[in-house]
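The structure under discussion appears below in the form of structure tokens.
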2 protein chains.
Amino acid sequence: MSDETLGDSVTTKVEPLQVSLSPQERFSEYLQSRGLRQTNQRKFLIDQVFSQHDHFDAEELIERLPRRGEQNYVSTATVYRTLRECVDAGLLNCFQLDGRTVYDHDYGYPQHDHLYCTRCRKLLEFQSDELIAIRDSVAALHGFRVESHRMIIQGICRECSRSRRKKRKQDLV
Amino acid sequence: MSDETLGDSVTTKVEPLQVSLSPQERFSEYLQSRGLRQTNQRKFLIDQVFSQHDHFDAEELIERLPRRGEQNYVSTATVYRTLRECVDAGLLNCFQLDGRTVYDHDYGYPQHDHLYCTRCRKLLEFQSDELIAIRDSVAALHGFRVESHRMIIQGICRECSRSRRKKRKQDLV
DNA sequence: CTGATTGCAAATTCTTTGCACCATC
DNA sequence: GATGGTGCAAAGAATTTGCAATCAG
């Protein structure tokens with residue numbers, strides 16, 4: 001499993017899964033299966049979205065794309081439309097955080113949840129089988145058929161705790 | 001504990017806590033402590049918000065308030081402003097769901113999480129000590145100082161499963 | 001009285017939509 | 001060459017904000 005474990009079901013690292021198709025290929029299949037088209041905009045966006053494993057929102061994505069007039073420019077509307085298609089295709093997951101919609105790689109990564117640092121706004125991932133077990137117990141108790149879940153732990157990350165401590169020391173000197 | 005239990009730390013009911021002050025009184029204290037004022041609008045809104053234990057969003061609240069021109073009318077802006085004060089005062093909790101901000105009674109109720117039926121959009125509450133334990137383990141593993149968390153289990157509630165099943169039977173007949 | 005509060009309307013922010021033109025299948 | 005896709009600008013939805021009038025302490 002991973003380097004640090006607690007009991008045997010909580011891991012600190014969320015590692016990529018082995019998948020037979022790349023996100024690009026998988027998206028192609030999705031498009032084909034629905035009679036949708038393979039456009040340059042869609043291809044370019046998928047490449048961008050999967051070029052790094054990270055969380056992002058529409059604004060952040062748009063920011064790192066070419067501007068209007070530049071090569072490979074994609075309009076805002078198309079970005080939003082494509083993001084939604086990615087979610088439908090199972091490539092991305094999305095959830096609301098602080099009022100914005102955050103997208104998260106779904107395809108190629110195991111189900112996981114998040115730690116959210118309210119100071120630096122970083123999202124960390126974690127994975128816990130126990131959490132899933134509890135989820136299922138709770139659902140069973142309510143006769144609830146689970147489709148998915150989302151857990152976000154808010155707080156202060158290690159780095160932010162450290163820098164806060166440092167600052168305080170300096171203040172005292 | 002409650003009527004149904006699973007292990008000893010998951011309960012189906014989230015019961016009110018004993019609190020020494022009513023939400024109204026507690027809000028008064030909050031206002032006083034900050035040199036804010038006790039207005040009719042604020043009093044009226046708190047009464048409305050705590051008249052029933054339920055989740056709601058700003059729109060739903062506004063819908064059941066008096067209209068413009070009627071007695072006790074409160075403007076949209078004031079509703080939003082007061083909701084935020086309630087959150088600051090610790091009376092309400094809020095979180096994002098399907099793009100809207102949902103408010104939840106915090107004061108007078110134990111910490112709890114939610115089951116969300118994607119068919120009827122109902123929110124059910126549950127409480128699990130085990131969940132908290134896992135949260136704390138995960139956080140510890142990451143050197144993360146927990147402030148709060150939010151877990152939402154999405155799926156289909158018992159009632160919606162039933163009616164779906166009924167429909168299918170009828171379809172077959 | 002003085003500063004906080006309110007209502008109103010305008011402004012924001014994020015996202016979606018209508019439509020004419022364009023491109024894939 | 002049909003149909004779906006794109007860019008653009010305008011429309012929406014949900015909140016927030018500026019400001020003058022009003023009100024609580």
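To find a chain, count down the sequence lines: A is the first, B the second, and so on, and within it residues start at 1.
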What protein N or O atoms touch nucleotides 12-16 of chain C N or O atoms at under 3.5 angstrom, if any, and at what distances?
unit_1, atom_1, unit_2, atom_2, d
dT15(C), OP1, T101(A), OG1, 2.9
dT15(C), OP2, Y80(A), OH, 2.7
dT16(C), OP1, R84(A), NH2, 2.8
dT16(C), O5', R84(A), NH2, 3.4

Whole Å only: how far is the CZ atom of F44(A) from the P atom of dT6(D)?
14 Å
Integer-rounded Å distance: dG4(D) P and Y30(A) OH:
14 Å
Provide, to the nearest angstrom, the distance between the CD atom belonging to E85(B) and the C1' atom belonging to dT16(D).
14 Å
Readout for nucleotides 20-25 of chain C: B = base within 4.0 Å of protein heavy atom, S = sugar-phosphate only, - = neither; 5' to 3' it is ---BBS
For the pair E29(B) (side chain) and R26(B) (backbone), establish whether a donor and an acceptor sit closer than 3.5 Å, ignoring hydrogens and angles.
no
Just how far, in rounded Å, is C1' of dA24(D) from CD of Q32(B)?
12 Å
Can you check the R34(A) CZ to dG5(D) C1' distance for me, whole Å?
16 Å
Go through E85(A) and R34(A) one step at a time and tell me if the salt bridge (charged side-chain N to carboxylate O under 4.0 Å, His left out) criterion holds.
CA-CA 11 Å; E85(A) 289 162 354; R34(A) 303 214 176 184; over 6 Å; no
Using a strict cut-off of less than 4.0 Å between a Lys/Arg side-chain nitrogen and an Asp/Glu carboxylate oxygen, indicate whether R121(A) and D98(A) qualify as a salt bridge.
yes
Let's go through S28(A) and Q38(A) carefully: what are the C-alpha distance in whole Å and the side-chain angles of both, what is the deciding distance for side-chain hydrogen bond (donor to acceptor under 3.5 Å, both in side chains) to 0.1 Å, and is it a yes or a no?
CA-CA 7 Å; S28(A) 289; Q38(A) 201 85 37; 2.9 Å; yes
Given 3.5 Å as the limit, does a donor-acceptor pair link the side chain of T82(A) with the main chain of T78(A), or not?
yes
Quick one: Q41(B) CD to dA4(C) P, roughly how many Å, whole number?
17 Å
With rounding to the nearest 0.5 Å, note down the distance linking CD in Q111(B) to OG in S128(B).
9.5 Å
Can you name the ring-ring contact (aromatic ring centres under 6.0 Å, His included) partners of H105(A), sequence neighbours left out?
F50(A), H53(A)
What integer distance in Å separates I62(A):CD1 from dT6(D):C1'?
14 Å
In plain terms, say whether E147(A) and R119(B) are close enough for a salt bridge, that is, a side-chain N and a carboxylate O under 4.0 Å apart.
no
Send over the distance from E63(B) CD to dA13(D) P, rounded to a whole Å.
14 Å
Among dG5(D), dC8(C), dA9(D), which nucleotide has an atom closest to any side-chain atom of R42(A)?
dG5(D)
May I ask you to decide if the ring planes of H55(B) and H114(B) are parallel, tilted or perpendicular, using 30° and 60° as cut-offs?
perpendicular
